Amino acid sequence: MNTETADIKAIEQVVAAVERAQRAKDVEGFLALFHPDALWTTAHGKVLIGIDAIAEFTRAVLPTASWDGEVTYAAVHTQFLRPDVAAVKVRQVYHSAEGDTEGAPLYVMTKRDDGRWLLHAGQNTEVRAG
């Protein structure tokens, strides 16, 4: 397996970990996926700068989040900006009895010296029909 293929697989594993953490409402598991200097913008436009702000928001919101279905995340396109920086387009779908709703996050991920990929910047956007 070449390096790029291995990196794409590692990035896909991070996206899968985001899904698992969201489904399980696992705050600490979710936060472990972030670079300390991360910049995160929620689907509703809240801007969170740095892991402390992301942690404060996540600890307040994730444990009490409620949805009547399940959420899935899939990395649908990965573009390497440099060997250690990737832009990752994600398809996020909330499946519920009322119908599916979709988000279109863009994650910028960076590779640490130990080889781990972390979320460094994220912008989530709600997908509206029509």
Side-chain angles (χ1 to χ4, degrees):
M1 179 181 317
N2 69 31
T3 303
E4 186 172 299
T5 302
D7 284 333
I8 288 172
K9 291 222 177 284
I11 287 165
E12 289 171 347
Q13 290 173 356
V14 173
V15 174
V18 170
E19 177 182 306
R20 284 192 304 275
Q22 292 290 318
R23 285 181 174 206
K25 299 181 183 181
D26 177 3
V27 171
E28 298 312 313
F30 181 67
L31 294 174
L33 303 171
F34 285 88
H35 187 280
D37 296 329
L39 167 64
W40 196 250
T41 304
T42 70
H44 301 290
K46 184 164 185 65
V47 177
L48 306 167
I49 300 171
I51 192 64
D52 291 343
I54 295 166
E56 181 181 353
F57 177 82
T58 302
R59 288 183 178 122
V61 173
L62 186 57
T64 60
S66 64
W67 50 81
D68 61 355
E70 66 180 21
V71 61
T72 58
Y73 290 73
V76 294
H77 180 76
T78 299
Q79 182 168 330
F80 290 95
L81 307 178
R82 295 188 335 207
D84 62 341
V85 179
V88 183
K89 197 64 193 163
V90 175
R91 183 169 188 252
Q92 172 191 57
V93 182
Y94 289 94
H95 305 277
S96 72
E98 293 79 39
D100 294 351
T101 57
E102 190 171 335
L106 174 65
Y107 298 162
V108 176
M109 298 178 67
T110 53
K111 188 176 184 179
R112 301 292 297 232
D113 290 341
D114 65 6
R116 288 186 322 132
W117 284 90
L118 295 176
L119 300 166
H120 209 122
Q123 169 70 52
N124 197 353
T125 303
E126 179 184 354
V127 175
R128 297 188 179 182

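Here the structure is a predicted model, which means the values were calculated and not measured. For this chain, numbers begin at 1 and follow the sequence in order.
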### Query
Is the Trp40-Phe34 ring centre distance short of 6.0 angstrom?
yes
### Task
Using the side-chain contact (heavy atoms from CB on, under 4.5 Å) rule, take Tyr107 and Val18 through it: C-alpha gap first, then chi angles, then the decisive distance, then the call.
CA-CA 11 Å; Tyr107 298 162; Val18 170; 3.7 Å; yes
#### Entry: Heavy-atom pair of closest approach, residues Pro105 and Asn124
CG-OD1, 3.4 Å
### Query
If you group Ile, Leu, Val, Met, Phe, Trp and Tyr by side-chain heavy-atom gaps below 4.5 Å, do Val85 and Leu33 land in one group?
no
#### Entry: Verify same cluster id: Val127, Tyr94 (apolar side-chain graph, 4.5 Å)
no
Show me the side-chain donor-acceptor pairs of residues 110-119 shorter than 3.5 Å, one per line, residues at least two apart or across chains.
from   : atom 1 : to     : atom 2 : distance (Å)
Thr110 : OG1    : His120 : ND1    : 2.8
Lys111 : NZ     : Asp7   : OD1    : 2.9
Lys111 : NZ     : Asp7   : OD2    : 3.4
Asp114 : OD1    : Arg116 : N      : 2.9
Asp114 : OD2    : Arg116 : NE     : 3.3
Trp117 : NE1    : Asp7   : OD1    : 3.2

### Task
Kindly state each residue pair satisfying salt bridge (Lys or Arg N to Asp or Glu O under 4.0 Å) with at least one member in residues 35-62, sequence neighbours excluded.
Glu28-Arg59
#### Entry: Atom pair CD/NZ of Glu4 and Lys9 - distance to nearest 0.5 Å
12.5 Å
### Summary
Residues Ile54 and Ala38: closest non-hydrogen pair is CD1-CB, 3.7 Å
### Message
Applying a strict under-4.5 Å side-chain criterion to I, L, V, M, F, W and Y, I'd like to know whether Val61 and Leu48 cluster together.
### Response
yes
### Message
So, taking the atom named OG1 in Thr42 and the one named CD in Gln123, what distance separates them when rounded to the nearest 0.5 Å?
### Response
8.5 Å
### Same apolar cluster: Leu106 and Val93, side chain cutoff 4.5 Å
no
### Message
Quick check: is Tyr73 connected to Val108 through a chain of hydrophobic side chains (ILVMFWY, heavy atoms under 4.5 Å apart)?
### Response
no
### Task
Verify side-chain contact (heavy atoms from CB on, under 4.5 Å) between Val90 and His77, making sure each step is shown before the conclusion.
CA-CA 7 Å; Val90 175; His77 180 76; over 6 Å; no
### Message
Rounded to the nearest 0.5 Å, what separates atom NZ in Lys25 from atom OG1 in Thr64?
### Response
7.5 Å
### Task
State, to 0.1 Å, how close Met109 and Val88 come at their nearest heavy-atom pair, and which atoms those are.
SD-CG2, 3.9 Å
### Query
Shortest non-hydrogen contact from Leu31 to Ile51?
O-CD1, 3.9 Å
### Task
Run the numbers on Gln92 and Val71 for side-chain contact (heavy atoms from CB on, under 4.5 Å), then give the verdict.
CA-CA 7 Å; Gln92 172 191 57; Val71 61; 4.2 Å; yes
### Task
For Ala53 and Ile49, work out which heavy atoms get closest and say how close.
CB-O, 3.5 Å
### Query
Taking all atoms of both residues into account, what is the closest heavy-atom pair of Ala75 and Val15, and its distance?
N-CG1, 3.9 Å
